Amino acid sequence: MNRGYMGKVLIVDLSKGEFREETIPDEVYEKYLSGIGLAAYLLYDRIPREADPLGPENILGFVSGLLTGTGSLFSGRWMVAGKSPLTGTWGDANCGGSFSPAIKRCGYDGIFFTGMSETPVYLYIGDRKPQLRDASHLWGKDAIETEEMLQDQHGPGARIAVIGPAGERLSLISGICNDKGRIAARSGLGAVMGSKRLKALVLDGKKRIVPYDRKTVHKLSRTCNKWVQFQPPLGPSIGTALIGALLRILPTAMAMDGMVYKMILRQWGTGGMNQMSPEWGDSPVKNWKGSSVDWPLKKSKSADPDLVKKSEYVKYHCYSCPLGCGGKCSMTGKYSETHKPEYESVLALGGLCMNEDTDSLFYLNELLNRAGMDTISAGATVAWAMECFEQGILTLDDTDGLDLGWGNASAMVALIHKMIDREGIGDILADGSRAAAEKIGRGSEKYTVHAGGQEPAMHDGRQDPGFAVHYSVEPTPGRHTIGAQLYYEMFQLWKRVRGLPKKLPFQIYHKNSKYRATENHALETAACSKYMNVVNGAGLCMFGTFLGIKRTPTFDWLNAATGWNKTPEEYMEIGMRIQTLKQAFNIRHGIDPRANRLSDRALGIPPQPQGANKGRTVPIEKMMADYWSQFGWDPSTGAPTGETLARLGLSGE
Amino acid sequence: MSYTIIETCTGCGACVRICPARAITGKKKDVHKIDGDLCIECGACGRVCPSAAVKDQFGHVCVMVKRSQWKRPAFAGDLCMSCSMCIDACPVHCLDLSEAKGPKDLHGYPYLKEEKACIGCGFCEAECPVGAVTMVVPVQQETPKKTKPAAKTASRAAS
C-alpha cells in the first residue's frame with residue numbers, strides 16, 4: 001500500500017563502514033509521522049545516556065518529511081537530528097532546498113549515521129548500493145566549493161548536503177549546508193557531522209514517491225496555491241517600516257492574518273521585516289541591551305528591503321514551494337553572488353552588532369554560508385564580544401588588535417574570519433557565547449543572552465512573550481520556529497482543532513494583555529508546539545503554515561497522502577507525543593529543563609528604560625510552569641510524568 | 001509492480017541503454033531481466049523495444065514508438081508556480097529552471113533543457129499539482145526549411 005512514506009531507513013556505521021536497512025512498521029508512522037517524529041522515535045533509546053555529542057555514540061539522522069514528494073506544497077524541508085553539542089539537549093535543525101525529496105528518492109525516510117570514520121568520507125547513494133567514498137580531497141574546502149566539485153563529478157541530478165570548515169573544526173555553532181546557501185544551522189549539528197569525519201551526503205536516487213491519493217493531494221494544493229498567488233502591489237518598503245513605527249506607538253495590538261506576512265515574503269522575502277521589526281520591538285538591538293531608539297530608521301535603512309531586493313536577479317524556490325521567499329543576489333568583491341541574506345542574518349549581523357554597513361552584511365552572509373556557520377549564533381557571539389570590549393572585559397590584547405567598537409564592520413569581518421579559522425580569539429568565540437564566557441570569565445557571563453547555550457533568534461520575547469516561552473521550554477532551547485503569540489494568530493488552529501481559544505484576524509486587543517500568564521496563553525503556546533511537531537513530521541515549511549490551517553491544509557494533506565482518516569485532534573496528539581519524547585530524551589540525558597530558561601536581559605529583568613519594549617517584563621516562571629502543565633509534565637520541574645508517558649504510549653525508559 | 005521482459009527478447013540491449021534506473025541486465029543476444037526493486041515504471045524500455053518483449057506493470061505488451069513521436073513536456077507559463085516539482089521528478093534530469101523572466105517577474109520557469117535526453121515518461125506531468133505540464137507529441141512546424149533537418153536528426157537518433 002502506498003502511503004507517501006518509503007517505510008525504510010538506512011543506518012550507516014561509519015566506524016565499520018557498514019550499512020544496514022531497517023524496515024519501519026506502519027504503526028510507527030501512525031504514532032510519530034515521519035521527519036522529526038521518526039528521528040525522535042529512533043534516536044531516543046539508541047543514543048546512550050551521557051553520550052558525548054561529539055563522540056562515536058552520538059547518532060546523526062537526516063530525515064525527510066512525510067508529505068515530501070506527495071504533491072503537497074511547501075513540503076521541501078529536511079531535518080537533521082542528534083544530541084546537540086551546543087546545548088547537550090535534543091538537537092535538530094531544519095532546512096529547505098532540494099535535498100528533502102532526494103532522501104526519499106533513495107528509498108529511505110531517513111539516513112542515520114553512527115560511529116566515527118577514521119578518515120574523511122562522504123556517502124554516495126546512486127542506483128545501486130550505498131557507498132562511503134574517500135573525501136580527503138574535499139576536507140578543508142568550503143561548503144559551496146565542495147558542492148560544486150561533487151556536482152561536477154556526480155552530475156546535475158545529485159543532491160548534496162555538506163559541512164564547511166566550521167563543522168570540520170567542530171565549531172559548536174556550525175551547521176549543514178545544501179543548495180549552495182541553505183543551511184540547517186541551529187543546535188550545532190555541523191560539529192557532530194565534523195566529528196564523524198563525514199564531509200558530505202550525495203544522493204542521486206530515482207525512486208518514485210507515491211501517495212495514497214495523489215488526485216486529492218493535488219486538489220488541495222491547487223486551492224492552497226490560489227491563496228499564495230494572490231498578491232496585490234505593496235508599494236515601497238518604507239511602508240513596512242512606518243507600519244512598524246505605528247505598531248510601536250499604539251497602545252493596542254492587532255491579531256495578524258498570515259496572508260499579510262505571505263505578501264511581504266512574496267515581495268521581499270524574510271528580509272521584508274528588516275526595518276519594520278526593530279521599529280516595533282520585535283528585533284533585539286545592541287546585544288539585547290539597546291532598543292528601537294538605538295536603531296532608528298536612519299540606521300536600519302542599511303538593510304532596507306528594497307535596497308536588498310535591488311541586487312536580487314532571480315527568485316529562489318525550495319522544492320515544492322509556490323511562494324519563493326528566497327533569492328539569489330549579485331554582489332561585488334571576492335564573491336560574485338550570494339543567496340539573499342535572510343532576516344535573521346541581517347539583524348544578527350546588523351542591528352545586534354550596530355553594524356550599518358550593507359556590503360559587509362552581504363559578504364558575511366556568503367562567508368558564513370560557505371563556512372557552514374550559523375549566522376544567528378555568529379552575530380550574537382560577536383555582539384556579546386563587542387559588549388565585553390565596551391565593558392573592558394576584552395581588551396585590544398585579547399582581540400589580537402581588533403577594535404571591537406559597536407558597529408565596526410571591518411573588525412567584525414576580521415573577527416568572523418578568525419572564528420571560522422579558529423585563530424586567536426576566534427578559537428574561543430567559535431563555540432558560541434556561553435562557551436566563550438565560561439572560558440573568559442571576568443564577569444562576561446552576565447552579558448550573554450542564551451537559552452541552554454543556544455543564542456535565541458532575532459525575535460524579542462519582550463515584544464511577544466510567546467517567543468520567550470518557546471526559547472525557554474522547547475526541548476531544543478532557543479528555537480524561534482515553533483511558536484509565539486503572533487504565530488498562533490497566523491496558524492488559526494481554532495478553525496480545525498476543538499477547544500482552542502479564538503483570535504480572529506485583525507481583532508484589536510491591549511498590549512498589556514500579552515504579558516499576562518493566562519490559561520489561554522498556555523493553551524496557545526502548547527498548541528503551537530504540538531502543531532509544529534506535526535508540521536516538522538510532515539516536512540512542511542513554517543512559512544507555508546502561516547497562511548492558516550484552512551488555507552494550508554496540513555491535516556487534509558496528511559490524510560490524503562497516507563490514506564488515514566485521522567482527526568485534527570489526533571494529529572495534535574501525535575505532536576504532543578513527539579514533543580514529550582524529545583523532552584524525555586533531555587531528562588534521560590540529565591538536562592534540567594529549568595536551566596534552559598532564557599537569560600534575564602531578554603526577559604526584561606530589569607525592564608528596558610526606553611524604546612518599543614519599555615517597562616516590559618515577561619512573567620516567565622509562571623508561563624513555563626503553565627506550559628508544562630498543558631503537556632501533563634511536572635509544572636515544577638518540566639519532566640514528563642509517568643502518567644503522561646503511559647497515556648501517550650511512551651515507556652520513558 | 002514493475003515492468004517485465006518476455007521470451008521474445010532478442011537481447012539487443014536497447015532497453016539497457018535507455019533505462020534511467022539501470023534496472024535491466026542481461027547478456028547480448030540473451031533474454032534480459034528487469035530488477036523489480038529498481039524499476040521506476042517509466043516505460044522507456046517498452047518504447048524502444050523492437051521485438052515487443054516488454055510488458056508493463058499491468059501485463060500489457062508495450063508497442064515501440066519512433067523516438068521523434070515520443071511525448072515531451074510542454075509548460076503552461078501562466079499556471080506554473082516555479083515550485084520545481086517537475087524538475088525533481090525527472091529521472092533523466094532533462095529539465096532545468098530558466099533565468100528570471102524579466103525585471104518585473106524574477107521567477108525562473110522550467111523548460112526542457114536536454115530534449116534528446118527526455119524519455120517521455122510523463123513523471124513531470126503526473127507530479128505537477130497545478131496541471132502546468134502537458135505531455136505532447138512535438139508538432140511539426142509550418143516552415144519546412146527549419147523543421148526538415150531537425151526531423152532528420154531526430155529520426156536518426158531514434159534508429
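Order of the sequence lines fixes the chain letters, A, B, ..., with proteins taken first and strands second; residue numbering starts at 1 for each chain. Just so it is clear, the structure is predicted and the values come from calculations on it, not from any experiment. Side chains included, hydrogens not; waters and symmetry mates left out as well; all remaining heavy atoms used.
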- Query: Looking only at heavy atoms, which of residues 224-237 of chain A get nearer than 4.5 Å to chain B?
  - Reply: N225(A), Q229(A)
- Item | Heavy-atom contacts under 4.5 Å, residues 203-213 of chain A to chain B | D204(A), K206(A), K207(A), R208(A)
Are side-chain heavy atoms of [X] and [Y] found at a separation under 4.5 Å?
{"X": "M81(B)", "Y": "H317(A)", "value": "no"}
{"X": "R128(A)", "Y": "L38(B)", "value": "yes"}
{"X": "K328(A)", "Y": "L106(B)", "value": "no"}

- Which bit of C42(B) comes within less than 4.5 Å of chain A, counting heavy atoms only: side chain, backbone, both or neither?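 The answer is neither part of C42(B).
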- Query: Side chain, backbone, both or neither: which part of D35(B) has an atom under 4.5 Å from a heavy atom of chain A?
  - Reply: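 For D35(B), there is no contact with chain A at all, as no heavy atom is under 4.5 Å.
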Shortest non-hydrogen contact between [X] and [Y], atoms and distance:
{"X": "V314(A)", "Y": "G108(B)", "value": "CG2-N, 4.1 Å"}
{"X": "P129(B)", "Y": "G71(A)", "value": "CG-O, 3.7 Å"}
{"X": "Y319(A)", "Y": "E127(B)", "value": "OH-OE1, 4.3 Å"}
{"X": "S84(B)", "Y": "C318(A)", "value": "OG-O, 4.2 Å"}

Counting heavy-atom pairs under 4.5 Å to chain A, which of [options] comes out on top?
{"options": "P20(B), A100(B), S82(B)", "answer": "S82(B)"}
{"options": "K101(B), E41(B), H107(B), H93(B)", "answer": "H107(B)"}
{"options": "P91(B), C80(B), A23(B)", "answer": "P91(B)"}

Part of [X] lying under 4.5 Å from any heavy atom of chain B:
{"X": "S72(A)", "value": "backbone"}
{"X": "L220(A)", "value": "neither"}
{"X": "S320(A)", "value": "both"}

- Message: Taking every non-hydrogen pair under 4.5 Å, which of A102(A), S98(A), P322(A) racks up the most with chain B?
- Response: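 That would be P322(A).
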- Message: Looking at chain B, which one of G327(A), G157(A), G126(A) has the largest number of heavy-atom pairs inside 4.5 Å, strictly under?
- Response: G157(A)
- Message: I need the D88(B) CG to R159(A) CZ distance, nearest 0.5 Å.
- Response: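 Answer rounded to 0.5 Å: 6.0 Å.
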- Message: Working to the nearest 0.5 angstrom, can you tell me the gap between F74(A) CZ and C83(B) SG?
- Response: 10.5 Å
- Query: NZ of K309(A): more than 12 outside heavy atoms within 6.0 angstrom?
  - Reply: yes
